[in-house]
4 protein chains.
Amino acid sequence: MNEQSFILWCGKVKHVKRNRPKYKQIIEAAVVVIAENGYHQAQISKIARQAGVADGTIYLYFKNKEDVLISVFREKMGMFVQKINEVTAGKKTAAEKLLVMIQNHFRILSEDQYLAIVTQLELRQSNKALRFKINEVLKEYLEVIDHILVFGKENGELAADLDIRLARQMIFGTMDETATTWVLNEHKYDLVALAPKVHELILYGCKLKSSV
Amino acid sequence: MNEQSFILWCGKVKHVKRNRPKYKQIIEAAVVVIAENGYHQAQISKIARQAGVADGTIYLYFKNKEDVLISVFREKMGMFVQKINEVTAGKKTAAEKLLVMIQNHFRILSEDQYLAIVTQLELRQSNKALRFKINEVLKEYLEVIDHILVFGKENGELAADLDIRLARQMIFGTMDETATTWVLNEHKYDLVALAPKVHELILYGCKLKSSV
Amino acid sequence: MNEQSFILWCGKVKHVKRNRPKYKQIIEAAVVVIAENGYHQAQISKIARQAGVADGTIYLYFKNKEDVLISVFREKMGMFVQKINEVTAGKKTAAEKLLVMIQNHFRILSEDQYLAIVTQLELRQSNKALRFKINEVLKEYLEVIDHILVFGKENGELAADLDIRLARQMIFGTMDETATTWVLNEHKYDLVALAPKVHELILYGCKLKSSV
Amino acid sequence: MNEQSFILWCGKVKHVKRNRPKYKQIIEAAVVVIAENGYHQAQISKIARQAGVADGTIYLYFKNKEDVLISVFREKMGMFVQKINEVTAGKKTAAEKLLVMIQNHFRILSEDQYLAIVTQLELRQSNKALRFKINEVLKEYLEVIDHILVFGKENGELAADLDIRLARQMIFGTMDETATTWVLNEHKYDLVALAPKVHELILYGCKLKSSV
DNA sequence: TATGAATGAGTTTTCATTCAT
DNA sequence: GATGAATGAAAACTCATTCAT
C-alpha cells in the first residue's frame with residue numbers, strides 16, 4: 001500500500017466509522033454520562049455501559065478517551081456552527097444576525113440541558129492538551145462572529161474603528177458568562193428571554209449617557 | 001482572662017497559621033508548580049519541594065490538597081479585590097471606576113504571569129466541589145462590579161434600565177475572555193494596553209451607528 | 001425469562017466470582033502472606049504477587065482489602081463449621097460429639113499451620129469493624145457448640161441446670177486458649193493429642209474430689 | 001562510669017521516672033484514649049493532649065510508643081496480680097482461692113470499664129512483637145493460677161492426674177472468653193454475678209452424669 | 001467485529017520520632 | 001525538664017488500555 005492510498009484508506013475508514021450507528025451511540029452516551037456524573041467520574045466503562053457496548057468496542061471507534069471527549073465537543077459544536085450559520089444567513093443586517101445568533105446559542109443550550117452542563121461546566125475541567133484541541137474546534141464558531149462583525153463594519157452599520165478581536169471576545173465572553181451563570185443557577189430562569197437584553201448590551205454597552 | 005479577650009485570643013490563634021512565613025511560602029510554591037506543571041501534575045510532593053519544606057509540613061498549614069488550592073485562589077483573589085477596591089475608590093465617576101478596574105485587573109495578571117496561567121487556565125480544571133468554593137470567593141469580586149454599576153445608575157451616569165446582573169456578566173465575561181485569550185496566545189501582546197478599548201466596548205458596545 | 005429463572009440467574013452471577021479459580025487462588029495467597037509476614041505487613045501487592053496476579057485483579061474479585069481478609073476468615077471458618085457438623089452428626093452422645101469436635105478443631109489447625117497462625121494470632125490484630133464481621137462468622141461455630149449442649153441436656157446426659165452460654169464460653173475459651181498457646185509455642189508439641197484431656201476437663205472440670 | 005554503676009543509674013532513673021507524677025498521668029491518659037478511640041486511633045499526640053503534656057514529653061518517660069502500651073498493660077496487670085494474690089492468700093482451699101480469683105478478676109473489669117475495653121479488645125490488635133511482650137507480663141498472672149492448682153493437687157483437693165498446663169488454659173480461657181463476650185455485649189449484664197457459675201464449670205465441668 | 005478479564009502505574013495523607021529552643 | 005514544629009516513609013485503590021477468544 002503506498003502512502004496516498006493509506007491516507008485515502010484512513011480517511012475512508014474514519015468517515016465510515018463516524019457514520020456507523022455505534023459511533024453516534026457512544027457520543028450520545030458520553031454526553032449523558034458526563035452530565036450525570038461529572039467529567040472526572042465519566043469512566044470509559046460507564047460510557048460503554050450507557051452505550052450498550054463493551055469497553056473494548058469504544059477503542060474500535062475512537063483512538064483513546066481524549067478522542068471520545070474531543071469528538072463529543074466537535075460533533076456538538078459542529079451542530080452549533082451549522083445552526084448559527086443557517087439562521088444568520090437569512091438576516092440582512094449585522095444587528096439582526098447578532099440577535100438571532102444569541103437567541104439560537106441560548107436556545108440550543110436551553111433545549112439540551114445535558115449539553116449545557118457538559119459544555120459550560122464539565123468539559124472545562126479537562127487538561128491543557130484537551131482544552132487546546134477544544135479551542136481549535138471553538139475557532140470555527142469565533143470565525144462566524146468575526147464574519148458578522150466584518151460584515152457590519154463593511155456596510156457601515158458598525159463603527160469603523162471597532163477592534164474585531166476585542167469585540168468578538170466581548171460577544172463570546174458575554175454569551176458564555178451568561179450561559180454559565182444560568183447553568184450554575186440550575187436553569188432557574190429563561191435563558192432565551194435574556195437574548196434581547198444581551199444583544200442590546202453588546203450593541204450599545206452600558207450606555208454611558210454623557211456620550212449620547 | 002475575660003470573655004472578650006478570650007475571643008480575641010482565639011481569633012488570633014485561628015489566623016496565626018496564615019501569618020507564619022511558611023504559609024505564604026507554600027502558597028507561592030503552589031502557584032509556581034501549578035503554572036509550570038499544570039493543575040493535574042501539581043502533586044503535593046512537588047509543591048513541598050518547591051517551597052523547601054517536607055511533604056508533611058504542608059499538612060500543618062492546610063487540611064488537605066484541596067485546601068491548598070482554595071487558599072491559593074482565596075489569597076490571590078483577595079489581593080485582586082483589595083486592589084480594585086482601592087483604585088476605584090479614588091475615582092469620581094462610574095466610567096473612571098470601570099476603567100481603572102479593567103486596567104488593574106489586566107495589570108495584576110500581566111505582572112504575575114504565573115498567576116495569570118493559574119487563574120485563567122489551570123484552576124478551571126478543578127472538580128465541581130473545588131470550583132464551587134472558588135465561585136464563592138469570586139462573588140466578592142462580582143459584587144465590586146455590581147457596586148460600581150449601581151453607583152453609575154444612581155448618579156444618572158448609566159442607563160436607568162440597565163440590567164445589573166447582565167451588565168456585570170458582560171463586564172466580567174469580556175475581561176475574562178480577553179485575559180484567557182491573551183494567556184492562550186502566550187502573552188504575545190500587551191494586555192494592559194487593551195484596557196481602554198475594552199472599557200469603550202463595555203460602555204458603548206459595538207456602537208451601532210443607526211442608534212446614535 | 002420468568003421471575004424465578006431471573007432470580008436463579010442473579011444468584012448464579014452473585015456467586016460466580018467465588019467459584020472462579022482466581023478467587024480461591026487469592027484467598028490461599030492471603031493466608032500464606034499473612035502467616036509469613038503478619039497481619040500488618042500483608043500488603044495487597046504482596047498478596048497479588050503470591051497469587052500470581054496483578055494488584056488490580058484482586059479488586060475484580062474483592063471490594064477492598066477488608067473484604068479479602070473477611071473472605072479468608074469466612075471461607076476457612078466455613079470449612080471448620082462444615083467439618084465439625086459432619087463429624088458430630090455421626091456420634092450418638094453429647095460426650096462423643098464434644099470429643100470429635102475438639103479433635104477435629106485441633107486437627108484442622110495442626111494440618112494447616114499457616115491457617116493456625118492466621119486465625120489464632122494474626123486476624124485478631126484487625127480493627128474493630130473487621131473483628132465485628134469476623135464475630136458474625138464465628139457465631140455459626142458457637143451455635144454448633146450450643147446445639148451439642150442442648151442435645152446433651154435434653155437426653156439427660158448433661159446437668160439440667162447447665163448454663164448453655166457459660167458452658168459454651170468455657171468450651172470455646174478452653175479450645176481457643178489451648179490452640180493459641182500451642183501456636184505461641186511454635187507447634188512444639190502434638191495439639192491433637194491434647195484433645196482427650198481437654199475433653200475431660202470440659203466434662204469433669206478440675207474434679208474437685210470432695211464433690212464426688 | 002563503669003558498667004555496674006551505669007546499670008544502677010539506669011535502674012534508678014527508671015525507678016524514679018515511674019514514680020514521678022507525669023508517668024502515671026500518661027499511663028492513665030493512654031487507657032482513656034485507647035478506650036475512647038480504639039487502638040489504631042490512639043496516636044501519641046492524642047495521649048499527650050489527654051495527659052496535658054507536650055508530645056515530646058512522652059519520650060522523656062517512655063522509649064517509644066510500644067513502651068507506652070506495654071507499660072499500660074504492665075501497670076494494670078500488676079494491679080491485677082497483686083489484688084488476686086492478696087485475696088487468694090486469705091483462703092484455705094484451692095476451691096475458695098479459685099472462686100475469689102474469678103470474682104476479683106471480673107470485679108476489676110466491671111469497676112473500670114475503660115480498662116475492660118482496653119485489655120479485652122483493643123490491646124489485642126497490637127502487632128506480634130507487642131503481643132509477645134504482653135504475653136510475658138501475662139505469665140505472672142498465669143503463674144498465680146498454676147500455684148493455686150499445685151496447691152490443690154498437693155493438699156489432695158484436686159485430681160492427682162490433673163494436667164496443670166491444660167487446666168490453667170481452661171481456667172484462663174474460660175474467664176477471658178466470658179469477659180470478652182461481656183464487653184462485646186456492651187456490659188449489658190452483671191459480670192461478677194457470673195463468677196459462681198464459672199467457678200462451678202471450672203471445678204466440675206459440664207457434669208457428665210454417667211461419670212458420677 | 002465484538003468482547004471483557006486482566007493489567008499496573010501513580011499519589012495523598014498520617015503519625016511516630018527528633019531536636020533546637 | 002519541657003516544648004511542639006518539622007520530618008519523610010509507606011500503601012490502598014482506580015481506571016485507561018490491551019488482547020486472546
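Here the structure is a predicted model, which is why all the values come from computation and not from measurement. Numbers restart at 1 for each chain; the letters A, B, ... are given by sequence-line order, proteins then strands.
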Distance check: side-chain N/O of A:K22 vs OP1/OP2 of E:dA2, anything under 4.0 Å?
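Yes, such a contact exists.
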Roughly how many Å is it from [atom1] in [X] to [atom2] in [N], rounded to a whole number?
X     : N      : atom1 : atom2 : value
B:Y59 : E:dT14 : OH    : P     : 7 Å
B:Q43 : E:dA9  : CD    : C1'   : 13 Å
D:K65 : E:dT14 : NZ    : P     : 15 Å
D:Y61 : E:dA16 : OH    : P     : 20 Å
C:I44 : E:dG8  : CD1   : C1'   : 14 Å
B:D67 : E:dT12 : CG    : P     : 14 Å

Give the minimum heavy-atom separation between B:I58 and B:V68, together with the two atoms involved.
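That would be CG2-CG2, 3.9 Å.
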On a heavy-atom basis, which atom in D:Y59 and which in D:N64 lie closest, and how many Å separate them?
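It is CE2-CA, 3.9 Å.
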Given that both distances must come in under 3.5 Å, which nucleotide forms a Watson-Crick or G-U wobble pair with E:dA9?
F:dT14
Taking a pair to mean Watson-Crick or G-U wobble geometry with both distances below 3.5 Å, F:dA6 pairs with E:dT17
If you assign C:D55 and D:D55 each to the DNA chain E nucleotide with the nearest heavy atom, which residue ends up on the more 5' nucleotide?
C:D55
Quick check on DNA chain E: between C:T57 and B:A42, whose nearest nucleotide comes earlier from the 5' end?
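The residue mapped nearer the 5' terminus is C:T57.
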Is [Y] close to [X] at the side-chain level, that is, under 4.5 Å between some pair of heavy atoms?
X      : Y      : answer
C:S126 : C:L69  : no
B:K133 : B:R74  : no
C:L121 : D:R131 : yes
D:L138 : D:F73  : yes

State whether B:K46 and B:E36 are salt-bridged, where the test is any N-O pair (Lys NZ or Arg NE/NH1/NH2 against Asp/Glu carboxylate O) under 4.0 Å.
no
Base, sugar-phosphate, or nothing: which does B:F62 touch, judged by heavy atoms less than 4.0 Å apart?
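No contact at all - B:F62 keeps every heavy atom at 4.0 Å or more from the nucleic acid.
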Return whichever of B:V53 or C:G56 has its heavy-atom-nearest nucleotide of DNA chain F closer to the 5' end.
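The residue closer to the strand's 5' end, by nearest nucleotide, is B:V53.
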If you find the nucleotide of DNA chain F closest to A:K63 and the one closest to D:L60, which residue's nucleotide is nearer the 5' end?
D:L60
Bounds of contact between DNA chain F and chain B, in 5' to 3' order, using a heavy-atom cut-off under 4.0 Å
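Footprint of chain B along DNA chain F, 5' to 3': F:dA6 to F:dG8.
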